[in-house]
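Encoded as structure tokens, the structure appears first; notes follow it.
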Amino acid sequence: MSELPYALMSHRGGTSGFPEQYEPVVRKHFQIVYLEEFLNNKTVFAPKIKAILLWWHKPTVNKELLESLPNLKVVGSSGVGVDHMDLKLIASYGIKVTNTPRVGNDATADLGMALMLASARNIVEVNRILCSPETKEFDVNWVGDDITEATLGIIGMGNIGYNIALRAKAFRMRILYHNRKRRDVKEEMEVGAVYCSSIADLLQQSDFVMIVVELSPETYKLIGKRELQLMKPTATLINISRGKVVDQDALVEALENGTIKAAALDVTYPEPLPRKHPLLTMKNVILTPHIGTASDKTRRKVAEKFAANAADIIKGLTIEDIVTMP
């Protein structure tokens with residue numbers, strides 16, 4: 001049996017390293033070399049490494065690293081987004097890039113629904129009040145909002161957006177969506193979704209606006225002051241895409257002055273936010289730390305997918321999940 005190829009990864013365990021429980025998944029395809037070991041033994045490992053496997057954006061792939069790996073064939077990235085990589089630089093070395101689309105669709109859609117429900121029913125703030133040593137009684141007349149039969153506007157009706165629509169249908173929500181390309185009429189009918197050719201139309205009608213787009217030059221600060229002013233003062237903004245899709249300064253202003261009611265954000269810029277950022281102390285804001293795919297089942301599938309994709313590239317096989325230059 002031939003020796004497995006070597007793959008470079010950032011580090012094991014901790015708060016941002018590759019989880020030890022998923023190592024056997026990768027070791028079916030590769031011998032793992034972690035960055036510290038590589039840096040201490042470059043002459044030994046540099047010629048052997050054929051893949052870099054990025055676990056949530058780490059290690060950083062830069063010119064220095066690429067120059068040091070003469071036999072590198074592929075960079076495999078966990079997750080869908082690729083805005084953390086210099087694709088042009090990597091391509092200039094003739095190296096392929098893969099990602100793991102579709103694997104996290106359900107988990108991310110679940111989180112979007114969870115954020116919408118938690119914000120609508122004030123779950124986080126209610127928990128804070130009930131757990132506070134200051135609380136002697138609770139205002140029984142303090143109410144939240146229904147999502148049942150409310151209007152949900154989905155910006156970005158790709159795989160995740162469509163999975164959100166499937167879930168929203170069960171709540172009898174009125175579903176609007178905006179997308180670069182309109183979906184097939186049959187798909188629209190399956191979830192009862194109505195296409196809005198302009199974002200403005202969607203924003204003006206929605207009780208909840210959920211952002212599910214990829215970050216690109218076209219979507220950078222897609223939601224700014226103008227767009228927030230188009231929303232209802234009773235509306236909630238939910239962002240499960242990328243922090244830079246929303247103008248955070250404009251969002252803070254809109255939340256402070258009542259332009260919109262609330263926000264629930266799984267993504268910010270930067271991540272985490274500076275400790276004195278105003279979003280951290282707003283009672284009408286829910287923040288989670290970019291955990292759309294953070295379930296054990298999904299993360300294990302992501303590990304399986306990015307390792308298998310990279311291994312197939314090295315074998316010269318054709319795979320579906322090749323990232324191309326925008």
Side-chain angles (χ1 to χ4, degrees), residues 54 56-57 77-85 87 99-119 152-168 175-181 183 193 196 198-200 202-203 206 208-228 230-231 235-252 254-255 260 262-273 279 285-295 298-299 302 323 326:
L54 306 186
W56 266 250
H57 306 180
S77 183
S78 59
V80 180
V82 292
D83 50 284
H84 54 286
M85 290 184 282
L87 296 178
N99 61 350
T100 59
R102 299 174 300 280
V103 177
N105 290 353
D106 284 325
T108 306
D110 287 349
L111 181 71
M113 295 300 292
L115 287 171
M116 179 164 60
L117 281 160
S119 183
L152 170 63
I154 301 172
I155 300 176
M157 192 68 131
N159 292 323
I160 295 171
Y162 196 76
N163 273 274
I164 289 162
L166 285 168
R167 288 155 173 75
I175 301 167
L176 309 177
Y177 79 97
H178 175 79
N179 205 41
R180 286 176 299 178
K181 182 181 178 183
R183 293 195 77 113
C196 295
S198 77
I199 289 182
L202 179 147
L203 294 173
S206 299
F208 300 92
V209 174
M210 196 171 306
I211 309 171
V212 206
V213 298
E214 294 180 3
L215 178 62
S216 68
E218 292 73 34
T219 62
Y220 176 72
K221 292 190 177 179
L222 179 69
I223 302 299
K225 184 172 183 176
R226 175 184 172 274
E227 288 73 26
L228 291 163
L230 289 172
M231 292 173 65
T236 297
L237 181 72
I238 302 125
N239 188 7
I240 57 171
S241 59
R242 286 290 189 270
K244 290 181 180 180
V245 172
V246 175
D247 182 336
Q248 277 184 178
D249 292 337
L251 177 60
V252 168
L255 290 163
I260 65 171
L265 312 171
D266 184 48
V267 288
T268 58
Y269 181 76
E271 294 173 355
L273 289 169
L279 285 173
V285 174
I286 294 175
L287 297 170
T288 52
H290 206 149
I291 56 171
T293 62
S295 71
T298 298
R299 288 285 171 90
V302 168
V323 176

Checklist entry - What are the two closest heavy atoms between Leu228 and Ala254, and how far apart are they? => result CD1-CB, 4.0 Å
Item to check | side chain to side chain contact (heavy atoms under 4.5 Å, CB included) partner of Ser241, the single match among Thr108, Ile211, Ile160, Val80 | outcome: Ile211
Item to check | Ser216 and Glu214: side chain donor to acceptor below 3.5 Å | outcome: no
Item to check | Where Gly79 and Trp56 come nearest, the two heavy atoms and their spacing | outcome: N-CH2, 4.3 Å
Checklist entry - If you take all heavy atoms of Cys196 and Leu176, which pair is closest and at what distance? => result SG-CB, 4.0 Å
Next on the checklist: Are the side chains of Ile260 and Thr236 in contact, using a 4.5 Å heavy-atom criterion?
Outcome noted: no
Item to check | Atom of Arg299, atom of His290 and distance for their closest heavy-atom approach | outcome: NH2-O, 4.4 Å
Checklist entry - Has the side chain of Thr219 got a donor or acceptor atom that lies under 3.5 Å from a matching backbone atom of Leu222? => result no
Next on the checklist: Between Lys225 and Asp249 (salt bridge meaning N to carboxylate O under 4.0 Å), is one present in this structure?
Outcome noted: no
Item to check | Donor-acceptor pair, side chain of Asp266 and main chain of Gly292, under 3.5 angstrom | outcome: yes
Item to check | From Thr268 atom OG1 to Lys244 atom NZ, the distance as rounded to the nearest 0.5 Å | outcome: 11.5 Å
Item to check | Heavy-atom closest contact (Ser77 atom, His84 atom, distance) | outcome: OG-NE2, 3.0 Å
Next on the checklist: Main chain of Arg242, side chain of Asn239: is a donor-acceptor contact present, judged purely on distance under 3.5 Å?
Outcome noted: yes
Checklist entry - Are Leu54 and Met85 side-chain neighbours, meaning at least one heavy-atom pair lies under 4.5 Å? => result yes
Item to check | Gap between atom CG of Leu251 and atom CD1 of Ile223 - 0.5 Å precision | outcome: 10.0 Å
Item to check | Between CG on residue Asn159 and CG on residue Asn105, distance to nearest 0.5 Å | outcome: 4.5 Å
Checklist outcome for this item: Output for pair (Ile291 CD1, Leu115 CG), nearest 0.5 Å, gives 7.5 Å
Checklist outcome for this item: In short, salt bridge (Lys or Arg N to Asp or Glu O under 4.0 Å) pairs touching residues 153-165 with sequence neighbours left out are none
Checklist entry - So do the side chains of Leu273 and Gln248 get within less than 4.5 Å of each other, counting heavy atoms only? => result yes
Next on the checklist: Quick check with a 6.0 Å cut-off and a 45 degree axis cone: is Arg183 positioned over the face of Tyr162's six-membered ring?
Outcome noted: yes
Checklist entry - Can you tell if the side chain of Ile164 reaches within under 4.5 Å of the side chain of Ile240, non-hydrogen atoms only? => result yes
Item to check | Atom of Ser206, atom of Ala235 and distance for their closest heavy-atom approach | outcome: O-CB, 3.7 Å
Checklist entry - Given the rule in the side-chain contact (heavy atoms from CB on, under 4.5 Å) test, do Ile155 and Val209 qualify, once you have shown the distances and angles that lead to the verdict? => result CA-CA 7 Å; Ile155 300 176; Val209 174; 3.8 Å; yes
Checklist entry - How long is the gap from OH on Tyr177 to CD1 on Ile199, to the nearest 0.5 Å? => result 13.5 Å
Item to check | side-chain contact (heavy atoms from CB on, under 4.5 Å) evaluation trace for Leu255 with Leu279 | outcome: CA-CA 9 Å; Leu255 290 163; Leu279 285 173; 3.9 Å; yes
Checklist entry - If we only count heavy atoms from C-beta on, is the Arg167 to Asp110 side-chain gap below 4.5 Å? => result yes
